[in-house]
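Inspection log for the structure reproduced underneath, given as structure tokens.
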Amino acid sequence: MIVLDWSYTTVYLHSSNRGKVENVYNSKAKNYDVVILGSSRSNNHFVPELFEKKGLKTFNYGMSGAHLFEASLMLKLMVERQYSIKNLIIDADLGLSNDKESEAIAAKFLPYIHHSQIIKDHFSGQKDFNALYYIPFYRYVDFDALIGFREMYNTLTNKPTNILDQQGYHPLGHKTGNMKNDIRNLKPIRNKYYEEIKETCRKNNINLIAIMTPMCTNVKGLNYFEKANKIYPEIHNLENAVEGDQYFSSCGHMNDTGARMFTKIVIERFFETK
């Protein structure tokens, strides 16, 4: 188990082109005018190409399925690697309703848990930390579908992905999915990891732009966004900045046309001089 653990970990320590976590972990200092973090509501909604046309060097590090747990950890790793970040954009809306990890995304950090004090500390409060940290190879077995043999082999053979294409932006098509949504059971909380993000930005002179991004017309419980603003009034509520189901691929995610409209609104509001 020790030999297998070492072998798998060595593969991941020498790769930086299959996913966003390893791309950051195995990188050195980079300079960005705009970094985008968050869930799919960042990954699918902010178009770096449009920022770059304004002369703003940008990368979208949003990850579908990610929670604020992972966004905070990504930011801390970037700071450790001496990234120069002028502005950080993050979707701070539905993710405020929990302070749990997203297992599907959190697993991507686990190959490095013995090589990074930041990752170790970040996971130390999780219920399965002792098993993940102290039992050799356990994490690769427990998350086999995510970091197990197939992913290790694909990483070893440098099998390409499109995750880092288009500066990390993942456009969605015009074929509509579920155009109904009910978020009445979601309750925004004072979120531990959003607080971490704010503090990291404060300490490193990063301008934090927290945004609530649009949802389709037929949503029950839209007062969620008002409740979130009562806890965090600094978050910019742009939930209704783009209206019309023709601009959505599913109720919570805009298609490429909607994302481009929304990105232009964000650029005009936060980056163009008046």
Side-chain angles (χ1 to χ4, degrees), residues 1 4-5 8-9 11-13 15-16 18-26 36-44 60-78 90-155 159 161-164 168 170 177-178 181 183 185-189 191-197 200 250 252-253:
M1 293 300 100
L4 284 170
D5 191 294
Y8 277 51
T9 301
V11 169
Y12 287 115
L13 285 170
S15 174
S16 61
R18 277 187 56 80
K20 293 178 178 178
V21 172
E22 64 186 50
N23 180 261
V24 169
Y25 185 84
N26 292 314
I36 297 154
L37 286 174
S39 68
S40 56
R41 287 170 58 76
S42 282
N43 190 22
N44 305 139
N60 189 330
Y61 284 101
M63 296 181 287
S64 295
H67 294 172
L68 291 170
F69 176 95
E70 292 81 28
S72 176
L73 181 51
M74 282 284 274
L75 179 60
K76 287 189 283 188
L77 289 174
M78 289 175 180
I90 188 164
D91 67 292
D93 43 42
L94 304 185
L96 291 172
S97 63
N98 75 81
D99 55 7
K100 299 177 182 178
E101 66 179 334
S102 166
E103 288 190 353
I105 305 301
K108 301 292 185 180
F109 295 91
L110 291 177
Y112 317 106
I113 196 167
H114 293 118
H115 294 263
S116 169
Q117 189 66 39
I118 286 177
I119 294 176
K120 177 186 175 183
D121 290 345
H122 202 76
F123 277 86
S124 62
Q126 303 303 302
K127 62 182 180 181
D128 55 350
F129 171 76
N130 286 338
L132 292 170
Y133 188 78
Y134 292 107
I135 302 176
F137 202 61
Y138 173 82
R139 62 197 187 281
Y140 293 113
V141 174
D142 197 33
F143 294 98
D144 179 69
L146 299 165
I147 56 173
F149 177 79
R150 176 175 291 184
E151 180 59 26
M152 184 279 296
Y153 181 78
N154 289 339
T155 301
K159 186 176 180 179
T161 73
N162 64 357
I163 293 174
L164 300 175
H170 182 70
N178 178 22
N181 209 341
I183 59 173
N185 290 330
L186 293 183
K187 292 180 173 58
I189 61 174
N191 190 285
K192 172 183 177 180
Y193 298 105
Y194 177 62
E195 298 286 350
E196 281 189 0
I197 291 167
T200 301
S250 66
H253 302 90

Return the [atom1] to [atom2] distance between [X] and [Y], rounded to the nearest 0.5 Å.
X	Y	atom1	atom2	answer
Ile105	His67	CD1	NE2	9.0 Å
Asp142	Glu103	CG	CD	7.5 Å
Phe149	Asn154	CZ	CG	9.0 Å
Tyr12	Leu110	OH	CG	10.5 Å
Asn43	Ser64	CG	OG	4.5 Å
Met63	His170	CE	NE2	14.5 Å

Please give me the minimum heavy-atom distance between [X] and [Y], naming the atom from each residue.
X	Y	answer
Leu146	Ala107	CD1-CB, 3.7 Å
Asp5	Arg139	OD2-NH1, 2.7 Å
Ser42	Gly38	OG-CA, 3.9 Å
His122	Ser72	CE1-OG, 4.0 Å
Leu37	Ala71	CD1-O, 3.7 Å
Glu101	Ala106	OE1-CB, 3.3 Å

Can you confirm whether Glu195 is buried at CD, in the sense that more than 12 heavy atoms of other residues, nucleotides or ligands lie under 6.0 Å from that atom? yes

Quiz question: by atom type and distance under 3.5 Å, do the side chains of His253 and Ser40 form a donor-acceptor pair? yes

Under a 3.5 Å distance rule, please check whether [X] uses its side chain to pair with a backbone N or O of [Y] as donor and acceptor.
X	Y	answer
Tyr25	Pro111	no
Ser97	Leu94	yes
Tyr133	His114	no
Arg18	Lys159	yes
Asp99	Asn191	no

Student check: side-chain heavy atoms of Ile90 and Leu68 closer than 4.5 Å: yes

Taking the side chain as every heavy atom from C-beta outward, state whether Ile147 and Tyr8 have any atom pair closer than 4.5 Å. no

Could you walk me through whether Met74 and Phe109 pass the side-chain contact (heavy atoms from CB on, under 4.5 Å) test, one step at a time? CA-CA 9 Å; Met74 282 284 274; Phe109 295 91; 3.7 Å; yes

Stepwise, does the side-chain contact (heavy atoms from CB on, under 4.5 Å) test hold for Tyr112 with Leu77? CA-CA 11 Å; Tyr112 317 106; Leu77 289 174; over 6 Å; no

Should the ring pair [X] and [Y] be called parallel, tilted or perpendicular, given that the plane angle runs from 0 to 90° and is split at 30 and 60?
X	Y	answer
Tyr140	Phe137	tilted
Tyr134	Phe129	perpendicular
Tyr193	Phe69	perpendicular

Can Glu196 and Lys76 be counted as an ion pair, charged N to O under 4.0 angstrom? yes

Residues Glu70, Lys20; criterion side-chain contact (heavy atoms from CB on, under 4.5 Å); working and verdict: CA-CA 11 Å; Glu70 292 81 28; Lys20 293 178 178 178; over 6 Å; no

With side-chain contact (heavy atoms from CB on, under 4.5 Å) as the criterion, how do Gln126 and Leu132 come out once you've worked through the C-alpha distance, each side chain's angles and the decisive distance to 0.1 Å? CA-CA 10 Å; Gln126 303 303 302; Leu132 292 170; 5.9 Å; no

